[in-house]
Amino acid sequence: MSPQHTAQPLPEVFAHFDRLPNSAHVRQPIVELLFACSSSTIWRRVRDGHIPRPHKLSARVTAWRVGDLRQILK
């Protein structure tokens, strides 16, 4: 018997990304979904300038501005 893979529901913020204001911020898991790539690929693309740099919101929170991501996704 093969293992069954159940589809994980999309995070609420990803499902409503188009409704977010440009000034909103999203965390790395959402960026991974938007660009359909892994964490290491996200950081490699940030380093290479293909994805904008995230903003440090606090000592332990880094997030991307929605408006910056929308410009890249056009």
Side-chain angles (χ1 to χ4, degrees):
M1 191 165 162
S2 65
Q4 290 190 21
H5 298 283
T6 58
Q8 296 289 339
L10 289 175
E12 188 77 19
V13 71
F14 181 76
H16 300 291
F17 184 79
D18 292 339
R19 296 184 201 162
L20 293 173
N22 284 334
S23 61
H25 286 85
V26 292
R27 302 285 303 273
Q28 185 172 329
I30 300 303
V31 178
E32 290 172 14
L33 288 171
L34 287 170
F35 289 93
C37 59
S38 69
S39 174
S40 58
T41 300
I42 291 293
W43 290 108
R44 185 171 41 255
R45 290 180 180 176
V46 166
R47 185 190 66 220
D48 295 342
H50 296 117
I51 294 178
R53 291 201 172 278
H55 299 271
K56 194 79 165 161
L57 301 180
S58 71
R60 297 180 63 171
V61 177
T62 300
W64 282 259
R65 192 173 292 126
V66 170
D68 295 343
L69 295 174
R70 282 187 178 135
Q71 287 184 353
I72 296 299
L73 291 168
K74 284 184 180 180

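Computed from a predicted model, the values in this text were never measured in an experiment.
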Minimum heavy-atom separation for [X] to [Y], with atom names?
X: Ala63; Y: His25; answer: CB-CB, 3.7 Å
X: Val46; Y: Pro54; answer: CG1-CD, 4.2 Å
X: Asp18; Y: Arg70; answer: O-NH2, 3.4 Å

Got a second to check how far [X]'s [atom1] is from [Y]'s [atom2], nearest 0.5 Å?
X: Leu34; Y: Phe17; atom1: CG; atom2: CZ; answer: 5.0 Å
X: Cys37; Y: Arg44; atom1: SG; atom2: CZ; answer: 8.5 Å
X: Thr41; Y: His50; atom1: OG1; atom2: NE2; answer: 12.5 Å
X: Leu69; Y: Leu20; atom1: CG; atom2: CG; answer: 10.5 Å

Could you see if Val26 belongs to whatever hydrophobic cluster contains Val61? Use Ile, Leu, Val, Met, Phe, Trp, Tyr and a side-chain cutoff under 4.5 Å. no

Are Ile72 and Ile42 linked, directly or through other ILVMFWY residues, by side chains that come within less than 4.5 angstrom of each other? yes

Between Arg65 and Ala24, is there a donor-acceptor pair closer than 3.5 Å when you use the side chain of the first and the backbone of the second? no

Among all residues two or more places apart in sequence or in another chain, which pass the side-chain contact (heavy atoms from CB on, under 4.5 Å) test with Ser39? Gln28, Glu32, Trp43

